[in-house]
Amino acid sequence: MSVLPSFPSPIAVGQCGNQIGCCFWDLALREHAAVNQKGIYDEAISSFFRNVDTRVVGDGGSISKGKICSLKARAVLIDMEEGVVNEILQGPLRDVFDSKQLITDISGSGNNCILAMKELNEHADCVLPIDNQSLFDIISKIDLVVNSGKLGTAVKPKSLVTSSAGAFKKWQEKPFDAMNNIVANLLLNLTSSARFEGSLNMDLNEISMNLVPFPQLHYLVSSLTPLYTLADVNIPPRRLDQMFSDAFSKDHQLIQADPKHSLYLACALMVRGNVQISDLRRNIERLKPSLQFVSWNQEGWKTSLCSVPPVGHSHSLLALANNTCVKPTFLELRERFMRLYKKKAHLHHYLQIEGMEESCFTEAVSSLSALIQEYSQLDATKSMPMEDLPRLSVAV
């Protein structure tokens, strides 16, 4: 699922993107309903939804202010097959979309990950890679804590980032819903600062501006915490500090990576809820000695504070790290692709399309290899001594 920096048109692509979209739009409606209890169409809700008078045909039915009549998602849904999109149109979210927003019935084939990577390398501003194994591991850990009754306190079911509890309309849970809910929560946290008020807001353009020092190195490792909230909603300093520590731990990353043992180019902390700027600064200073940043960007931090917490939580933190720990993910992707490519598996589906040649695949592999090489060169500087550069002095 893609969110455009300028807002307001998320684009859901393929089966996975549209299933994440189902969770995302449901959570977005719940989040805005919790904040906007008077049912007024305001600036916050307008970032993701249009207010439409269904009695008026065409674009004339759009309402820019006043009471909410009927909300329509600002989104485009794309899929090669119609199954998932049709399921959305027949499900509890069917009134949020109309047929103009759907692009379906486009043939495709497997083994296209390498081609997608080339397009992401060349055209994306920021990419947040996520893998299923990490999501599955997170869900397993949550289930273990919930079922074990550890810590002597109850876990609120509605506070789990994997839960669909509290949905506007009931629908049947699917095997991947818990995983998709984690990604949907990530996207909501990512856009919260642009939708709600806060003492330190950040829009999506600022993420790429501050976290991407070189055009190709725009892959950000994400982590989300807390994964659940204990029944005690008070936030002692120890628990708040633990939230920041968890964001940098291997167990909370949404790809198989350990950023603390790799090199940081930059890092963003996007906090929601009852957290003060002093808490943020104190935890950055506490964690800095254990994190290795490139020598030329030792102060490479970007922070935001949004006063509105996620539904079911009192506070949350989304961490985005431009870190060389993403390199093994790309190495594995290249290895998996080459195993298929050496057998020419699925290749015939592409070569029969006009304008598609085998060179497209070799160019895509070269693009990925060049990206891996850039991360390797950065990793090689990790053991180099840091230069103590003189600070600029200003004569008074």
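One is the number of the first residue; the rest follow in order along the sequence.
Because its NZ or CZ atom is both nearer than 6.0 Å to the ring centre of Tyr341 and within 45° of the ring axis, Lys344 counts as a cation-pi partner of that residue.
Taken from CG in Leu71 to CD1 in Ile45, the straight-line distance is 4.5 Å, to the nearest 0.5 Å. Going from atom SG of Cys267 over to atom CG of Asn297 covers 11.0 Å, rounded to the nearest 0.5 Å. To the nearest 0.5 Å, atoms OH (Tyr264) and CG (Leu378) are separated by 14.5 Å. Separating the CG atom in Asn201 from the OG atom in Ser193 is a distance of 3.5 Å, to the nearest 0.5 Å. Separation of atoms CZ (Phe248) and NZ (Lys260) is listed at 8.5 Å; rounding is to 0.5 Å. The CG atom of Leu217 lies 9.5 Å from the CG atom of Asn121; values are rounded to the nearest 0.5 Å.
Applying the side-chain contact (heavy atoms from CB on, under 4.5 Å) rule to Pro213 yields the partners Leu265, Trp296, Asn322; only residues at least two apart in sequence or on another chain are considered. Checked against side-chain contact (heavy atoms from CB on, under 4.5 Å), Ser223 has the following partners two or more places apart in sequence or in another chain: Ala247, His252, Gln253, Ala319.
Applying the 6.0 Å contact sphere to NZ of Lys250 captures no more than 12 heavy atoms from other residues, nucleotides or ligands. For CD of Gln377, the number of neighbouring non-hydrogen atoms (other residues, nucleotides, ligands) closer than 6.0 Å is greater than 12. The neighbour count for Gln15 CD, taken as heavy atoms of other residues, nucleotides or ligands under 6.0 Å away, does not exceed 12. The environment of Gln373 atom CD is dense: over 12 non-hydrogen atoms of other residues, nucleotides or ligands sit within 6.0 angstrom. The local environment of CZ in Arg286 is crowded, with over 12 non-hydrogen atoms from other residues, nucleotides or ligands closer than 6.0 Å.
In the hydrophobic clustering of this structure, Met338 groups with Leu115; members are Ile, Leu, Val, Met, Phe, Trp, Tyr whose side-chain heavy atoms approach within less than 4.5 Å, directly or through other members. Hydrophobic clustering of Ile, Leu, Val, Met, Phe, Trp and Tyr side chains at less than 4.5 Å, counting indirect connections, keeps Leu204 apart from Met209. In this structure, Val35 is not a member of the same hydrophobic cluster as Phe48, with clusters built from ILVMFWY side-chain heavy atoms closer than 4.5 Å. By the rule that hydrophobic residues join a cluster once side-chain heavy atoms approach within less than 4.5 Å of another member, Val308 and Ile40 end up as members of separate clusters. One hydrophobic cluster, built from ILVMFWY side chains closer than 4.5 Å, cannot hold both Ile372 and Val212; they sit in different ones.
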Exercise for review: Evaluate side chain to side chain contact (heavy atoms under 4.5 Å, CB included) for Leu29 paired with Phe49, printing each intermediate quantity in order.
Suggested key: CA-CA 9 Å; Leu29 286 168; Phe49 298 95; 3.6 Å; yes
Exercise for review: Applying side chain to side chain contact (heavy atoms under 4.5 Å, CB included), run through Leu269 and Asn283 and close with a yes or a no.
Suggested key: CA-CA 11 Å; Leu269 300 178; Asn283 276 282; over 6 Å; no
Exercise for review: Evaluate the side chain to side chain contact (heavy atoms under 4.5 Å, CB included) criterion for residues Asp258 and Cys325: first the C-alpha distance (whole Å), next the side-chain angles of each, then the deciding distance (0.1 Å), finally the verdict.
Suggested key: CA-CA 6 Å; Asp258 189 357; Cys325 69; 5.9 Å; no
Point to revise | Met179/Val183 under side chain to side chain contact (heavy atoms under 4.5 Å, CB included): CA gap, chis, key distance, verdict | key: CA-CA 7 Å; Met179 296 166 69; Val183 183; over 6 Å; no
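Side-chain atoms of Gln37 do not come within 3.5 Å of backbone N or O of Ala33 as any donor-acceptor pair. Side-chain N or O atoms of Arg272 include none that pairs as donor or acceptor with a backbone N or O of Leu318 at under 3.5 Å. With Ser367 contributing its side chain and Glu363 its backbone, the two residues share no donor-acceptor pair below 3.5 Å. Here the side chain of Lys382 pairs a donor or acceptor atom with the backbone of His261 at under 3.5 angstrom. Under the 3.5 Å distance criterion, the side-chain polar atoms of Lys118 are left unmatched by any main-chain donor or acceptor of Cys113. Judged by distance alone, the side chain of Asn18 and the main-chain N or O of Gly21 form no donor-acceptor pair under 3.5 Å. Under a 3.5 Å cut-off, the side chain of Gln133 and the backbone N or O of Gln256 do not form any donor-acceptor pair. The backbone N or O of Cys23 lies less than 3.5 Å from no partner atom in the side chain of Asn181, so there is not a single donor-acceptor pair. Checking side-chain atoms of Ser245 against main-chain N and O of Asp241 turns up a donor-acceptor pair under 3.5 Å. Of the possible donor and acceptor atoms, none in the side chain of Ser262 sits under 3.5 Å from a partner among the backbone N and O of Pro259.
By the 4.5 Å heavy-atom criterion applied to side chains, Tyr219 and Lys327 are not counted as neighbours. Looking at heavy atoms from C-beta onward, Cys126 lies out of side-chain contact with Leu211 at the 4.5 angstrom threshold. At a threshold of 4.5 Å between non-hydrogen side-chain atoms, the residues Asp246 and Leu317 do not count as touching. With contacts defined as side-chain heavy-atom distances shorter than 4.5 Å, the pair Asn274/Ser314 does not qualify. Two residues are said to be in side-chain contact when any heavy atoms from C-beta on lie closer than 4.5 Å; Leu224 and Ile138 fail this criterion. The side-chain heavy atoms of Gln90 and Asn86, taken from C-beta on, include a pair separated by under 4.5 Å. Residues Leu188 and Arg195 are in side-chain contact: their nearest non-hydrogen atoms beyond the backbone lie under 4.5 Å apart. Taking the side chain as every heavy atom from C-beta outward, Pro309 and His315 never approach each other to under 4.5 Å.
The six-membered or imidazole ring of His32 lies away from that of Tyr41, with a centre-to-centre distance of 6.0 Å or more. Here the two rings, on Trp301 and Phe293, have centers that are under 6.0 Å apart.
The side-chain contact (heavy atoms from CB on, under 4.5 Å) test with Met270 singles out one residue from Ser304, Ser192, Ser316, and that residue is Ser304.
No side-chain N or O of Thr329 forms a donor-acceptor pair with one of Asp131 less than 3.5 Å apart.
Scanning all heavy atoms of the two residues, the minimum distance from Leu27 to Ala184 falls at CD1-CB, 3.6 Å.
Under the 4.0 Å criterion applied to side-chain N and carboxylate O atoms, Asp26 and Arg30 are assigned as salt-bridge partners. With respect to Arg282 and Glu285, no salt bridge is recorded, no charged nitrogen being found less than 4.0 Å from a carboxylate O.
The aromatic rings of Phe330 and Tyr375 lie tilted to each other, with the angle between the two planes from 30° to 60°.
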